[in-house]
Amino acid sequence: VQLQASGGGLVQPGGSLRLSCAASARTFSSYNLGWFRQAPGKEREFVTIIMSGGSTYYADSVKGRFTISRDNAKSTVYLQMNSLKPEDTAVYSCAADLRSTLLAGGRANYWGKGTQVTVSS
């Protein structure tokens, strides 16, 4: 499975961005998908995941501001980020795994190259 993230950029505090992650997987709908982020000098952290069945989970820091969704017909997972804060600045990476436990633990088998999100005035 190959993953390609896009949509990052520079945005002012309070602004919005939508990240996309296109996957090459014949059984895309079977995969659990997630977004993780890594800020400079910090460890990678969980942001959100969406299960193959559609259930979603969010880190407390983004709950109510970020929304993950998936389009199985397009083999793409999205991350809508609203009310962005400077502390959201990080490289955002998408990940996929058939096993939700691996994905949730940050040990997914498949990772895409990250996309930079910078929130600054």
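- Residues N32 and S100 bring no donor and acceptor atom of their side chains to less than 3.5 Å of each other.
- Judged by the 6.0 Å distance and 45° axis criteria, R18 is positioned over the aromatic ring of Y78.
- The closest side-chain donor-acceptor pair between D97 and N109 falls under 3.5 angstrom.
- The hydrophobic cluster containing V91 does not contain F46, counting ILVMFWY residues as joined when their side-chain heavy atoms lie under 4.5 angstrom apart, directly or transitively.
- Separating the OG atom in S24 from the CD atom in Q4 is a distance of 10.0 Å, to the nearest 0.5 Å.
- Looking at every heavy atom in both residues, G106 comes nearest to W111 through O-CZ2, 3.4 Å.
- The backbone N or O of Q12 sits nowhere less than 3.5 Å from a side-chain atom of S121 that would complete a donor-acceptor pair.
- Residue E87 qualifies as enclosed at atom CD: its count of foreign heavy atoms under 6.0 Å is above 12.
- The 12-atom threshold is exceeded at CD of Q80, counting heavy atoms of other residues, nucleotides or ligands nearer than 6.0 Å.
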Review point. Would T89 and Q116 count as a side chain to side chain contact (heavy atoms under 4.5 Å, CB included) if you check the C-alpha gap in whole Å, the side-chain angles of each, and the deciding distance to 0.1 Å?
Key: CA-CA 8 Å; T89 295; Q116 176 71 46; 4.0 Å; yes
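- Considering all non-hydrogen atoms of both residues, S52 and S30 come closest at CB-O, 3.6 Å.
- Put simply, CZ on R70 and SG on C21 are 11.0 Å apart, with the number rounded to the nearest 0.5 Å.
- Side-chain atoms of P86 and P13, non-hydrogen and from C-beta on, do get closer than 4.5 Å to each other.
- Taken from NZ in K74 to OG in S20, the straight-line distance is 9.5 Å, to the nearest 0.5 Å.
- The closest side-chain heavy-atom distance from R65 to D88 is below 4.5 Å.
- Considering all non-hydrogen atoms of both residues, L103 and A108 come closest at CD1-CB, 3.8 Å.
- A distance-only check finds no donor-acceptor pair linking the side chain of R37 to the backbone of S93 [under 3.5 Å].
- As a member of the Ile/Leu/Val/Met/Phe/Trp/Tyr network built from side-chain separations under 4.5 Å, M81 groups with V1, L3, V11, L17, L19, F28, Y31, L33, W35, V47, I50, Y58, V62, F66, I68, V77, L79, L84, Y92, L98, Y110, V117, V119.
- By the neighbour-count criterion of 12 heavy atoms within 6.0 Å, atom CD of Q38 is densely surrounded, having more than that number from other residues, nucleotides or ligands.
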Exercise for review: Begin from the C-alpha positions of D71 and T76 and carry the test side-chain hydrogen bond (donor to acceptor under 3.5 Å, both in side chains) through to its verdict.
Suggested key: CA-CA 5 Å; D71 186 335; T76 301; over 6 Å; no
